[in-house]
Amino acid sequence: MRKEISLSGIPASPGIAMGEVFLLDKEEIEIKKQRLEKHQVKKEIERFKNALEKTRKEIQVIKERIKKRVDPEQTKIFDAQLLILEDKVINSEVIRQIEKNKFNAEWIYKKTIEKTINSISSSKDEYLKERVYDIEAVSNRLLSHLLGKRRKALDRIKRPAVLMAHSLSPGDLVNIRKDKLSGFATDLGGGTSHVALLAKSLGIPAVVGLKDGLKNMNKGDFVIIDGDRGVVIVSPDEVTIFQYEAKQKDILKKKRKLLSLKSLPGETKDKKKIEIQANIELLEDVEMATKYGAEGIGLYRTEYLYLARSELPSEEEQKKAYQRIAEKIYPLPVVLRTFDLGGDKFAGDRSDIVEANPFLGWRAIRACLDLPELFKIQLRAMLEASAKGNLKIMFPMVSGVEELKEAKSILNQVKEELLLKKINFDQKIKIGIMIEIPSASLMADSLAKECDFFSIGTNDLIQYTLAVDRGNERVSHLYQSFHPSVLNLIKLTIEAAHRNGIWVGLCGEIAANPFATVLLIGMGIDELSTSPMAIPQIKKIVRSVTYIEAKEFAQKVLKISDLQKIKKLLEEDYKKRFGSEGIICLY
Ligand code: PEP
Ligand code: MG
């Protein structure tokens, strides 16, 4: 029996999952056989040599990094791996086969390695046999370089499993059937990376940023994912399993109790309306939104229509998707956000777009304004789906007034085209923007004059204000939702919106953070949009305070400039109101 190991990471999606682990990056990589034209042979050999070089550098970097932490004797394994990588017999055989048989390098390399492993496995030499593991490790590394970012088919997961991967993209996750995945953990990633947000929407417990998770697990290990605390337990003993089973039951009981609030309106005790809406990524999330009592869809991340596929969904496909959502939730409203691609969300295998700083790069509205034809297709689909009157359009990552005016002018062109063609649409459709870049908060007065509503995107607002990559586990301790600078920008935004007579919501993750709710009400927020499962708990908090007391509390918090003091005050206030009762998930 292995000894229980507890690994600490970052909570990404609440809940407990238990089961046999499926190791994504340690297992076989799917390789396709492709024939080459004669003129492609030289390039293919170059590609193989480049991958060898990249792998060599990678192994050396790992060796140096590990040297500082372990007995130098243990790093000899990397010397052995370098020797395998540079094995002249194997490498010249691969090049010879590419020239002779004209197949892709990964296919030929894999076949050559398989032959080598077969002959070693049948040998009686125990030392040689032990080398098989190293050969596999080296070849997996090399093959990942040859394959670029392409991953093996995730749909190979056959039964409900707990997935452990080095990293996962939102595109990877949408490719896995939900009933085959009970939870996941990754070595890389931050708590508000998009894969974490998607996990929340899907209701899948997850932990990210484990750093060394994969290294500590073997195929078939039993693991527990504790998404509330950000902990993964490998080979738990009987007592731990028992405790977690009890915790699972307790969570279920609390969730059921909270669900009884689902049809009550989001309003304070003194009847100030706070709309509690849902963030969704996939069409099927609408059911979750309804189940948990959402008062509308405050954010539909439409780029998920595009993720995990290589081509843009057609106008017709988009129109149908938007129409379906509008109909399913009618008469409640839906905010359709135009594509927010880039950052950590790419369509299909977009390894062709390589940027040094993708979150500061060609993302969201910037890409759409650079590709007006693509943008127009989406806007047309949204307008054509709007006839029922419950759709709104929202632009992401607007940094200033010019961008908003440009986006609106393209929208107006599309409207005119539709009018000319006598196509029915909601001519009074409301237009809003995400406030998620500090420059937008600072320009909120001017922006408010140009649109009908704001939705504050704290996931990005925090990363751009504090200069902390939301997906990087190394700096996740610096990603502080309650940093006074962030609170100040939220305050500026809310005040500017109200001064100009428009409503302002918040759809970043702090909308689901129970410690933030009273503060946000007191700051004057009109709407909170969150992953569906968090809705009942947030409703409960909203319904338990008066606007007057929330305002007093917010004034007190906003006077403090020390982050730790702010956090302490928020926690104390929460505990004073609810004790530990009612806390299901702390985001
Ligand atoms: C945000 O930035 O807070 C937001 C809601 O948008 P996304 O998480 O999709 O970037
Ligand atoms: Mg954002």
Side-chain angles (χ1 to χ4, degrees), residues 1-13 15-29 58-59 61-78 80-81 130 132-141 144 151-152 154 157 160-168 172-173 176 181-191 193 195-196 199 204-241 243-244 247 471-474 476-477:
M1 273 282 279
R2 279 187 73 186
K3 228 175 140 237
E4 173 176 311
I5 315 172
S6 180
L7 307 168
S8 277
I10 302 165
S13 174
I16 311 284
M18 300 190 202
E20 202 178 288
V21 75
F22 182 96
L23 299 175
L24 184 62
D25 298 284
K26 270 192 181 175
E27 297 193 0
E28 199 187 327
I29 298 172
E58 186 181 42
I59 296 175
V61 168
I62 298 171
K63 182 183 156 189
E64 284 310 308
R65 222 172 41 215
I66 287 182
K67 214 159 77 183
K68 295 177 196 132
R69 308 212 315 253
V70 300
D71 177 354
E73 216 21 56
Q74 289 176 333
T75 63
K76 282 193 176 152
I77 186 164
F78 296 106
Q81 292 193 359
E130 276 179 31
V132 167
Y133 172 80
D134 292 325
I135 296 175
E136 278 175 346
V138 170
S139 69
N140 277 342
R141 263 187 215 293
S144 332
R151 311 291 296 263
K152 73 168 183 179
L154 281 156
I157 302 181
V162 174
L163 177 69
M164 175 69 219
H166 186 57
S167 75
L168 271 183
D172 290 333
L173 200 54
I176 309 174
L181 187 66
S182 43
F184 73 85
T186 57
D187 281 347
L188 303 187
S193 50
V195 74
I204 297 170
V207 173
V208 297
L210 281 174
K211 297 190 178 102
D212 277 338
L214 262 185
K215 223 177 76 191
N216 283 291
M217 285 178 216
N218 292 313
K219 190 175 171 183
D221 273 347
F222 188 81
V223 294
I224 298 176
I225 305 263
D226 179 342
D228 296 343
R229 291 194 305 133
V231 169
V232 174
I233 300 160
V234 188
S235 306
D237 63 27
E238 278 175 14
V239 178
T240 311
I241 295 177
Q243 283 167 338
Y244 269 99
K247 199 173 164 194
N472 183 344
E473 68 290 346
R474 286 210 185 97
S476 63
H477 59 290

**Asked** Is the closest side-chain heavy-atom distance between His166 and Leu188 below 4.5 Å?
**Response** yes
**Asked** Do Glu473 side-chain atoms and Gly190 backbone N/O form a donor-acceptor pair below 3.5 Å?
**Response** no
**Complete:** Residues at least two apart in sequence or cross-chain that pass side chain to side chain donor-acceptor pair (under 3.5 Å) with Thr240, listed by chain then number, are Glu4, Asp237
**Request:** Measure the shortest side-chain to side-chain distance between Met217 and Val223 over non-hydrogen atoms and say whether it is less than 4.5 angstrom.
**Result:** yes
**Prompt:** What residues, two or more places apart in sequence or in another chain, satisfy salt bridge (Lys or Arg N to Asp or Glu O under 4.0 Å) together with Asp187?
**Reply:** none
**Message:** Quick check against the 3.5 Å criterion: does Ser13 have a side-chain atom that pairs as donor or acceptor with the backbone of Ile204?
**Reply:** yes
**Request:** Sequence neighbours left out, what passes side chain to side chain donor-acceptor pair (under 3.5 Å) with Gln243? Give chain and number order.
**Result:** none
**Fill in**
Residues at least two apart in sequence or cross-chain that pass side-chain contact (heavy atoms from CB on, under 4.5 Å) with Ile16, listed by chain then number, are Met18, Ile224, Asp226, Tyr244, Lys247, Gln248, Ile251
**Item:** Residues Leu181, Phe22; criterion side chain to side chain contact (heavy atoms under 4.5 Å, CB included); working and verdict
**Value:** CA-CA 10 Å; Leu181 187 66; Phe22 182 96; over 6 Å; no
**Request:** With rounding to the nearest 0.5 Å, note down the distance linking CD in Glu20 to CG in Leu23.
**Result:** 10.0 Å
**Message:** Can you tell me how far apart OG1 (Thr186) and NZ (Lys211) are? Round to the nearest 0.5 Å.
**Reply:** 11.5 Å
**Prompt:** With a 4.5 Å limit on heavy-atom distance, are the side chains of Leu168 and Leu163 in contact?
**Reply:** yes
**Message:** On a heavy-atom basis, which atom in Ala196 and which in Gly191 lie closest, and how many Å separate them?
**Reply:** CB-O, 3.4 Å
**Fill in**
Nearest heavy-atom contact between Pro11 and Gly227 is CB-O, 3.3 Å
**Message:** For the CG atom of Asn216 and the CG atom of Asp221, what is their distance to the nearest 0.5 Å?
**Reply:** 9.5 Å
**Item:** side-chain contact (heavy atoms from CB on, under 4.5 Å) involving Ala185 - partner list, sequence neighbours excluded
**Value:** Met164, Val207, Leu210, Ile225, Val232
**Prompt:** For Ser6, which residues count as a side-chain contact (heavy atoms from CB on, under 4.5 Å) partner, sequence neighbours excluded?
**Reply:** Val231, Ile233
**Message:** Any heavy-atom pair between the side chains of Ile241 and Phe222 that's under 4.5 Å?
**Reply:** yes
